[in-house]
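Accompanying notes for the structure given below.
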2 protein chains.
Amino acid sequence: MPRPSQTHEKREQLLPLVAQAFAELGYRRATTAVLAQRCEVRVNILYRLWADKKAMFIASIDYVYEQAVGIWREVLAETDDDTGGAERLLRHEAEHYGESGLHRIIFAGLSETHEPEIRQALRDMYGRFHRFIRGQIADHRDGHETTGLLGETVAAWAIVGLGNVANISRELGLQTDRGRKKMFSQAGRLLLDGRG
Amino acid sequence: MPRPSQTHEKREQLLPLVAQAFAELGYRRATTAVLAQRCEVRVNILYRLWADKKAMFIASIDYVYEQAVGIWREVLAETDDDTGGAERLLRHEAEHYGESGLHRIIFAGLSETHEPEIRQALRDMYGRFHRFIRGQIADHRDGHETTGLLGETVAAWAIVGLGNVANISRELGLQTDRGRKKMFSQAGRLLLDGRG
DNA sequence: CGATATTGTAAGTGTTTGCTTACGCCTCAG
DNA sequence: CTGAGGCGTAAGCAAACACTTACAATATCG
């Protein structure tokens, strides 16, 4: 009998490194050679774990999203009677924005590939992302007066937009860290419950 | 004496086609071969007009931005006593969002290249973009009560964010046209003057 | 005309990149 | 032990790409 395959474990071991490379470099610049180098293996080993580069990227999309959501759930789990979960999330993003690499991978997938499968993966992930935020807004508003407020769906999209612009401005150095924090907290608050 | 060079005219003639190709396809997919084909010339003719592909892209960034601003100025120039300029702009974008290709070219430049010169061009352009919107917000609020409203800088970034998310959702088919229109008008209005 | 620079056409070059093949070593159940 | 499969290493292929070179045709203006 042959030795048992460790494909699954190896995949789990290398995926964080692969995802990190895609988030940092984008799709094209993360060449298979670079991916392999970062994983400290040879290219063809990656090809034994995934069918092609496209599959590596799709796995990375899911991985990065799950990582981000994991952190958000931790923030939500912190017991804090003063501030609600949604507010804590906003504050957390204002401080740690961009660290997950989520938006970088979205941008890369959107503009560097036109592969139907990648677009579908992005669509799915973005849908979950939006649903998560909308759920937080709903929880936040639960029991409060909501007349005159933005609909939850609209508010969730607008908050995702804040994240996008924060990402771009960070990458280009358009805002100071202070400015970006201010934008997140003030505009986020306004969208969340109508208070400037 | 030789015949006079028509380089300048030719550049102006081909730039719209080149920019259109970059906006549609992104940076890499708009290969020099494709660009030439769309211009109905041979590749090396493009290289007589611009030093390299990078220069073609930078010229396209400026061109697309100028085109977009030109349209916005037309919208602003329409005499309409009922609604202010900023409101008309928001409504216009809600209807015609994405047609200019501005955001597509920004995304392409951001995630497909790491060239310092391209990033600088994007930085400059984004700065002008933000300044333009901030100016419109200032005009809109001029003479009105502004206590309790978002600062102009923050509001302008948040509105740019609306544009970003509208672009992504359009590209992935995440929102209906109706939903996107609603998002633009409602969230835009809220950011503009605090009214839901 | 005629000298001269511009324009159009065509073929090619060197590099990068995704992906494959070939092959020998190692591991572990029977 | 043994041998069937997993594993690591290395070399290389075909395609795509940005960019170049060579050259003939053409238009301008003294």
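Chain identifiers are assigned alphabetically (A, B, ...) following the order of the sequence lines, protein sequences preceding nucleic acid strands; residue numbering begins at 1 within each chain.
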Atom pairs and distances, donor-acceptor, side-chain atoms in residues 152-161 of chain B, under 3.5 Å, two or more places apart:
from     : atom 1 : to       : atom 2 : distance (Å)
B/Trp157 : NE1    : B/His130 : NE2    : 3.3

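At most 12 heavy atoms of other shown residues, nucleotides or ligands fall within 6.0 angstrom of atom CZ in A/Arg73. Within a 6.0 Å radius of CD in B/Glu99, other residues, nucleotides and ligands contribute more than 12 heavy atoms.
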Checklist line | Step-by-step ring-ring contact (aromatic ring centres under 6.0 Å, His included) determination, B/Phe57 to B/Trp50 | finding: CA-CA 10 Å; B/Phe57 188 70; B/Trp50 291 280; over 10 Å; no
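Residue A/Arg42 contributes atom CZ, which lies 15 Å from atom C1' of C/dG24 at whole-angstrom precision. Taking atom NE2 of B/His8 as the reference point, atom C1' of C/dT6 lies 17 Å away to the nearest angstrom. With rounding to whole Å, A/Glu40 atom CD is found 11 Å from D/dT9 atom P. Here C/dC19 presents its P atom at 17 Å from CD1 of A/Ile45, a figure rounded to the nearest Å. Taking atom CH2 of residue A/Trp50 and atom C1' of nucleotide C/dT20, one finds them 18 Å apart after rounding to whole Å. What separates CD of B/Glu9 from P of D/dT28 is a distance of 12 Å, to the nearest Å. Across the protein-nucleic acid pair, A/Leu46 atom CG and D/dC7 atom C1' stand 14 Å apart, rounded to whole Å.
Between A/Tyr97 and A/His103, the distance from one ring center to the other falls under 6.0 angstrom.
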Notebook entry, point to check: Just by protein heavy atoms under 4.0 Å, how would nucleotides 11-21 of chain D read 5' to 3' in B, S and -?
Noted result: ------SBBBB
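For the 3.5 Å distance criterion, the side chains of A/Thr147 and A/Glu145 qualify, holding a donor opposite an acceptor.
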